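Below: one structure, written as structure tokens.
A, B, ... follow the sequence lines: proteins, then strands. Residue 1 opens every chain. Everything numeric in this text was worked out from a predicted model, so none of it was measured. All values below were derived from every heavy atom in this structure, side-chain atoms included, with hydrogens, water molecules and symmetry-related copies excluded.
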Number of protein chains: 2
Amino acid sequence: MAISTRFSVGIHILSLIATDEKMTSDLIAGSVNTNPVVIRKIMSMLKKADLIEVRPGVAGARLARPLSRITLLDVYHAVAVVPDKELFGVHAAPNPDCPVGRNIQSTVTPIFELAQSALEKVLAHVTLDDIVSEIEQKEASSS
Amino acid sequence: MAISTRFSVGIHILSLIATDEKMTSDLIAGSVNTNPVVIRKIMSMLKKADLIEVRPGVAGARLARPLSRITLLDVYHAVAVVPDKELFGVHAAPNPDCPVGRNIQSTVTPIFELAQSALEKVLAHVTLDDIVSEIEQKEASSS
DNA sequence: AGTATTTGTAACTATATTGGTTACATGTAA
DNA sequence: TTACATGTAACCAATATAGTTACAAATACT
């Protein structure tokens, strides 16, 4: 299964907030093309991860830190698209009476961790600033 | 969501076949600790991907190529844990009337592809031979 | 003060995937 | 021909996703 679109939606939301702090969940939902509650739920995750500041009743949101200090990895973790650091599932209880069964987990897990951290490293090296700049650039060159 | 355990089970299955070609789905299920049908379904995928040779009615299976020429990436693709090359889901129809909406997909997709290929590169560089050798080493040193 | 607007959740839905299970047809070999 | 294996179909429970309705609580504006 693919990693949830919550991740790309999260990036979308933050990009919008970056360009306009008066973005309501309704407006954001219009840009993402989904339901406002979906947006609010994701924003709630972004808030819990201290990426944005939102207050009940008051329209819009603010980034909790500068764009250049929010990485895609931060967003990735914030929207919890992957169960606490375990991208790869490993079958739980292989037979300890079998040479393969009793060693497969400890053999495979470090490789999975390598692969996972290779992926996360890429995400960690891209900031929201990169995203927003790229979007602005595309807008400028298409005018 | 985590990547399906079909992947780690697939590696488990192939490791068993590598050490004993007379492994039936029942025996393998005993080592993996699951139902034989689960094993047969995964073996069916491994067969379709030309990683193993199995014949209905005849017990066991053979590797279709040497251990050293089967990578974890081959297995990963074979068991289809990820929808055809798209590890990251991207929300489908953002609003084209919004600067962010109309550019988010094309901005984010290449980054996702980078991250995905970083992950796959790690998997491509590990062969089943590495896995089996590691297991044998652990067995030898624990005796 | 009171109304309108917004966030924050709870609760529910439809859909899909996972992992497991039973049942059985088909193929092979002793 | 008996026994055993593979190959699938069909089904199940549990879970995740994405969307939706409904509504409480907080805030802002007139």
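For the OP1/OP2 pair of dT6(D) and a distance below 4.0 Å, the side-chain nitrogens and oxygens of Ser44(B) include no atom meeting the criterion. Between Lys47(B) and dG7(D), a side-chain N or O to OP1/OP2 separation shorter than 4.0 Å is present. For dT7(C), the OP1/OP2 oxygens have a side-chain nitrogen or oxygen of Ser25(A) closer than 4.0 Å.
Between Ala92(A) and Gln105(A), the shortest heavy-atom distance links the atoms O-NE2, 2.8 Å.
Classified by interplanar angle (parallel below 30°, tilted 30° to 60°, perpendicular above 60°), the ring pair Phe88(A)/Phe7(B) is tilted.
Judged by distance alone, the side chain of Thr5(B) and the main-chain N or O of Ser8(B) form no donor-acceptor pair under 3.5 Å. Between the side chain of Arg62(A) and the main chain of Glu53(A), no donor-acceptor pair closer than 3.5 Å is present. Judged purely by atom type and a 3.5 angstrom limit, Asn33(A) has no side-chain atom pairing as donor or acceptor with the backbone of Asn95(B).
Atom pair Met43(A):CE and dA18(D):C1' shows a separation of 18 Å (rounding to whole Å applied). Here dA10(D) presents its P atom at 18 Å from CG of Asn35(B), a figure rounded to the nearest Å. To the nearest angstrom, C1' of dT6(D) lies 11 Å from CD1 of Ile52(B).
The number of heavy atoms from other shown groups lying within 6.0 Å of CD (Glu139(B)) is above 12.
With no hydrogens or angles considered, a side-chain donor-acceptor pair links His12(A) and Ser31(A) at under 3.5 Å. Between Ser133(A) and Asp130(A), the side chains place no donor N or O within less than 3.5 Å of an acceptor N or O (distance only, hydrogens not considered).
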Spell out protein contact along nucleotides 22-30 of chain D as letters: B when the base is contacted, S when just the sugar-phosphate is, - when no protein heavy atom is under 4.0 Å; keep the 5' to 3' order. B---BSS--

Sugar-phosphate atoms are those with a prime plus P, OP1 and OP2; base atoms are the rest. Using that split, label each nucleotide of nucleotides 14-19 of chain C B, S or - for protein heavy atoms under 4.0 Å, 5' to 3'. ---SSS

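Using a 4.0 Å heavy-atom criterion, one finds that Lys22(B) contacts no nucleic acid atom at all. Residue Lys48(B) is classed as having no contact, given no heavy-atom separation below 4.0 Å to the nucleic acid. Counting any heavy atom pair closer than 4.0 Å across all strands shown, Gly60(B) reaches sugar-phosphate atoms only and no base atom.
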